[in-house]
Amino acid sequence: MERKSKPQFLMIRPDHYRISYVINPWMEGNVNRTALGKALNQWESLYKIVANFADVRLMDGHEGLPDMVFTANAGLVIENRVLLARFYHPERRAEEELFCEWFESNGFDVVKTPEGIFFEGAGDALLDCDGRWLWAGYGLRSSLESHPYIAKTFNIETLSLRLTDKRFYHLDTCFCPLPKGYLMYIPSAFDAPSNRLIEERTDPDKRIVLDEVEAPAFTANAVAIDNTIIMNCCFPSLREKLGDAGFNVLETCMSEFMKAGGSAKCLTIRLDEKAIKNRKALSTVTSRIIEVTGQLIDSGLMTEMLDIIVNGGG
Ligand code: ARG
């Protein structure tokens, strides 16, 4: 009989964790306000829970790179290939090289995101529960231009979801695909076309909508391993819904990391994600950057250019 191998994760102990800059709304007012001892304990609890269900590999953090603990942003890993992150904020860019070295020395096929395109890894790209397609976020950190590149790198359909609420700057802060077709998400974090796309691709009975009270508790930022869902905190009504769907919720307090805008899911990255065999690189996004100089408005060139874009469906 074939033995199912254990899921694999990568985490970084928060020895160098602190808040020393502000790059999302959660960090505002929290600079130098983290308690390292408490953060270490919270991280340790999360680590122990995840390690009950999975193999957790550890990588060293780095002085001066406090957000490196959020390994979800290292890149996107599917079947031994990793598309490395290219961070939007300069404060996190030095992490790229360190993650690159780790993936290379651990035998991954490393692909780099092209210059000028931003992509914040598994924080902004989540595999559908059955590995049929990728849900990819854009608008606040990762750029839309990264989506066709992701599709090509992993030969997979990539569905673009536009994030519109600054509090939910990464897809994994407001969207969590679960096994058996379930999806936990915050509809107000997305624009209308993205909500339509989500509704088209998911069964109405399996959409678990999180409300405004649950949102700030980082409920969507959960680690799902088979029928177990690990999260910061779960309100009773949600626990009941998830229980009815056959899930067991484990809570572990992540308050010190929420000050930086992250919780359980951001502190981990899955290293053995699998997609379906028969798949195609699809993305509806095509983009081109052109530079035009001169008398654009007086000459009517600007209007003409916009007409061409709109008539072409842009
Ligand atoms: N302070 C970090 C940032 O703003 C938090 C990252 C959380 N990661 C995530 N995958 N949501 O980049």
Side-chain angles (χ1 to χ4, degrees), residues 11-47 61-74 85-96 98 118 120-124 137-143 162-176 184-191 210-223 230-235 238 251-269:
M11 291 178 73
I12 292 179
R13 203 176 287 282
D15 302 307
H16 304 288
Y17 173 65
R18 59 168 52 76
I19 297 177
S20 42
Y21 48 75
V22 176
I23 56 170
N24 70 51
W26 308 95
M27 297 172 102
E28 268 159 36
N30 279 326
V31 170
N32 294 328
R33 282 230 162 118
T34 43
L36 185 59
K38 198 168 163 195
L40 280 163
N41 287 338
Q42 291 181 349
W43 183 92
E44 200 67 39
S45 306
L46 175 68
Y47 169 77
H62 205 274
E63 179 67 50
L65 296 176
D67 273 336
M68 207 173 158
V69 288
F70 297 111
T71 50
N73 299 120
R86 195 172 286 284
F87 286 94
Y88 179 73
H89 290 289
E91 288 86 343
R92 293 198 67 181
R93 287 200 191 133
E95 296 176 32
E96 293 166 12
L98 299 167
F118 301 112
E120 299 209 348
D124 261 338
Y138 74 99
L140 295 171
R141 292 290 183 86
S142 300
S143 33
R162 180 162 175 227
L163 296 162
T164 53
D165 180 332
K166 288 203 173 85
R167 291 174 302 163
F168 308 115
Y169 57 95
H170 278 142
L171 185 63
D172 70 359
T173 60
C174 53
F175 190 91
C176 181
M184 214 164 40
Y185 77 119
I186 305 171
S188 60
F190 301 93
D191 70 358
L210 301 176
D211 60 28
E212 274 299 310
V213 186
E214 284 162 326
F218 278 83
T219 307
N221 199 252
V223 184
I230 307 156
M231 60 172 76
N232 166 60
C233 123
C234 187
F235 292 90
L238 178 65
E251 286 171 287
T252 186
C253 180
M254 296 274 93
S255 57
E256 285 307 307
F257 298 96
M258 282 156 55
K259 293 178 183 170
S263 184
K265 160 68 172 57
C266 314
L267 290 166
T268 67
I269 185 167

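Keep in mind that what you see is a predicted model, and the values were worked out from it rather than measured.
- Residues passing the ring-ring contact (aromatic ring centres under 6.0 Å, His included) test with Tyr88 are Phe118, sequence neighbours excluded.
- With a 4.5 Å cut-off on side-chain heavy atoms, Trp26 and Phe257 do not count as touching.
- Residues meeting the ring-ring contact (aromatic ring centres under 6.0 Å, His included) test with Phe168, sequence neighbours left out: none.
- Rounded to the nearest 0.5 Å, atoms CG (Asn73) and CD (Glu95) are 7.5 Å apart.
- For the residue pair Gly121 and Ala85, the shortest heavy atom distance occurs at N-CB, 4.2 Å.
- With sequence neighbours left out, the salt bridge (charged side-chain N to carboxylate O under 4.0 Å, His left out) criterion links Lys38 to Glu256.
- Remark: Arg18 pairs with no residue by the side chain to side chain donor-acceptor pair (under 3.5 Å) rule, at least two apart or across chains.
- Residues satisfying the ring-ring contact (aromatic ring centres under 6.0 Å, His included) test with Tyr169, not counting sequence neighbours, are none.
- Rounding to the nearest 0.5 Å places CE of Met184 at 6.0 Å from CG of Leu210.
- Closest approach of Cys233 to Thr219, counting heavy atoms only: O-OG1, 3.7 Å.
- Contact between Gly29 and Arg33 at its shortest, heavy atoms only, is O-NH1, 3.0 Å.
- Considering all non-hydrogen atoms of both residues, Cys176 and Ala222 come closest at SG-O, 3.9 Å.
- Remark: Met27 CE to Lys259 NZ distance equals 12.0 Å, nearest 0.5 Å.
- The shortest non-hydrogen separation linking Ile12 to Trp43 is O-NE1, 3.1 Å.
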Where do Thr252 and Ile230 land on the side-chain contact (heavy atoms from CB on, under 4.5 Å) test, with the steps shown first?
CA-CA 7 Å; Thr252 186; Ile230 307 156; 4.1 Å; yes

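- Here Thr164 pairs with nothing under the side chain to side chain donor-acceptor pair (under 3.5 Å) rule; sequence neighbours left out.
- Legend: residues meeting ring-ring contact (aromatic ring centres under 6.0 Å, His included) with Phe175, ordered by chain and number and at least two apart, are Trp135, Phe190.
- Once rounded to the nearest 0.5 Å, the distance linking CG of Leu171 with CZ of Arg141 reads 13.0 Å.
- With sequence neighbours left out, the salt bridge (charged side-chain N to carboxylate O under 4.0 Å, His left out) criterion links Glu91 to no other residue.
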Check the pair His16 / Met68 against side-chain contact (heavy atoms from CB on, under 4.5 Å), numbers first and verdict last.
CA-CA 8 Å; His16 304 288; Met68 207 173 158; over 6 Å; no

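- Here the closest heavy-atom approach between residue Ile186 and residue Thr173 is recorded as CD1-O, 4.1 Å.
- Separation of atoms CD1 (Ile19) and OH (Tyr21) is listed at 9.5 Å; rounding is to 0.5 Å.
- Here CG of Leu46 is found 11.0 Å from SG of Cys253. Values are rounded to the nearest 0.5 Å.
- Not counting sequence neighbours, the partners of Ser142 by the side chain to side chain donor-acceptor pair (under 3.5 Å) test are Asp124.
- At least one donor-acceptor pair under 3.5 Å links the side chain of Glu96 to the backbone N or O of Phe87.
- Residues forming a side chain to side chain donor-acceptor pair (under 3.5 Å) with Glu44 (at least two apart in sequence, or on another chain): Arg13.
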Check: residues 260-269 side-chain donor-acceptor pairs under 3.5 Å, at least two apart:
{"residue": "Lys265", "atom": "NZ", "partner": "Ala122", "partner atom": "O", "Å": "3.4"}
{"residue": "Lys265", "atom": "NZ", "partner": "Asp172", "partner atom": "OD2", "Å": "3.3"}
{"residue": "Thr268", "atom": "OG1", "partner": "Lys265", "partner atom": "O", "Å": "3.0"}

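- Between Phe218 and Met254, every side-chain heavy-atom pair lies at or beyond the 4.5 Å cut-off.
- Here Glu214 pairs with nothing under the salt bridge (charged side-chain N to carboxylate O under 4.0 Å, His left out) rule; sequence neighbours left out.
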